[in-house]
Amino acid sequence: MPYIPKSQRNKIKHGALENAGSLNYTLHQLLHDYFDQNKINYQTLNDVIGVLECAKQELYRRIACDYENRKILQNGDCEPYQSWFNNDT
């Protein structure tokens, strides 16, 4: 949990997500609200962790992979992937 100074929390509440810490804080606040509305038990924890994992994978699949592929085309591949995937032998 990021420990955001109290002076910055109001800005974050109104959408000022200026860095990874403020994004992390916002996600924790959302999780806090969810837990307030549901029991904290194994099922709820399992559900929340599953949602976070699926969201992470979807972000990677939809955005990070495309970004990385564009950078490979722009800058060329690097070892060991270049020899693993571009070797005709």
Side-chain angles (χ1 to χ4, degrees):
M1 171 70 183
Y3 299 96
I4 302 296
K6 289 182 181 180
S7 61
Q8 294 179 14
R9 293 178 189 180
N10 199 37
K11 284 175 45 179
I12 293 169
K13 243 184 214 179
H14 291 91
L17 303 176
E18 299 169 350
N19 55 48
S22 60
L23 177 59
N24 192 331
Y25 178 83
T26 301
L27 289 172
H28 275 85
Q29 295 308 303
L30 183 61
L31 293 175
H32 177 268
D33 293 346
Y34 186 81
F35 285 126
D36 267 358
Q37 296 173 36
N38 298 275
K39 295 178 186 175
I40 295 181
N41 57 30
Y42 180 84
Q43 185 63 56
T44 303
L45 290 166
N46 192 59
D47 292 346
V48 167
I49 291 168
V51 165
L52 291 170
E53 181 62 26
C54 287
K56 178 192 89 167
Q57 289 181 24
E58 186 70 359
L59 176 66
Y60 188 82
R61 184 179 76 86
R62 299 291 300 271
I63 298 173
C65 286
D66 182 57
Y67 174 82
E68 292 290 343
N69 288 335
R70 284 186 281 126
K71 288 302 181 178
I72 290 169
L73 292 174
Q74 179 183 354
N75 300 319
D77 211 346
C78 61
E79 292 293 344
Y81 303 104
Q82 185 174 1
S83 61
W84 288 346
F85 297 115
N86 297 325
N87 191 348
D88 293 329
T89 61

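The first residue of the sequence shown is numbered 1, and numbering continues consecutively from there. What you see below is based on every heavy atom in this structure, not just the backbone, and it leaves out hydrogens, waters and symmetry mates.
The backbone N or O of Tyr34 lies less than 3.5 Å from a partner atom in the side chain of Asn38, making a donor-acceptor pair. Without hydrogens or angle criteria, His32 side chain to His28 main chain gives no donor-acceptor distance under 3.5 Å.
Val51 and Leu45 fall into different hydrophobic clusters, where Ile, Leu, Val, Met, Phe, Trp and Tyr side chains are chained together by heavy-atom contacts under 4.5 Å.
Note that the CD atom of Glu53 and the CG atom of Asn46 stand 11.5 Å from one another [nearest 0.5 Å]. In this structure, the separation between OG1 on Thr26 and CG on Leu30 is 9.0 Å, given to the nearest 0.5 Å. Taking CG of Asn24 as the reference point, atom CD of Gln29 lies at 10.5 Å (rounded to 0.5 Å). Rounding to the nearest 0.5 angstrom, the gap separating the CG atom in Leu59 from the SG atom in Cys65 is 10.0 Å.
Among residue pairs with one or both ends in residues 62-71, those qualifying as salt bridge (charged side-chain N to carboxylate O under 4.0 Å, His left out) are Glu58-Arg62, Asp66-Arg70; sequence neighbours excluded.
The minimum heavy-atom distance between Lys39 and Thr44, with the atom names listed, is O-OG1, 2.7 Å. The two atoms that bring Ile12 and Ser22 nearest to each other are CD1-CB, 3.5 Å, heavy atoms only.
Side-chain contact annotation: Asp47 with Gln43, donor-acceptor N/O pair under 3.5 Å present.
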Item to check | Criterion side-chain contact (heavy atoms from CB on, under 4.5 Å) on Glu18 and Lys11, from CA distance to verdict | outcome: CA-CA 10 Å; Glu18 299 169 350; Lys11 284 175 45 179; 3.4 Å; yes
**Asked** Should Tyr25 and Leu17 be marked as a side-chain contact (heavy atoms from CB on, under 4.5 Å) after you check the CA-CA gap, both sets of side-chain angles, and the distance that decides it?
**Response** CA-CA 9 Å; Tyr25 178 83; Leu17 303 176; over 6 Å; no
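In this structure the side chain of Phe35 reaches within 4.5 angstrom of the side chain of Val48, judged on heavy atoms.
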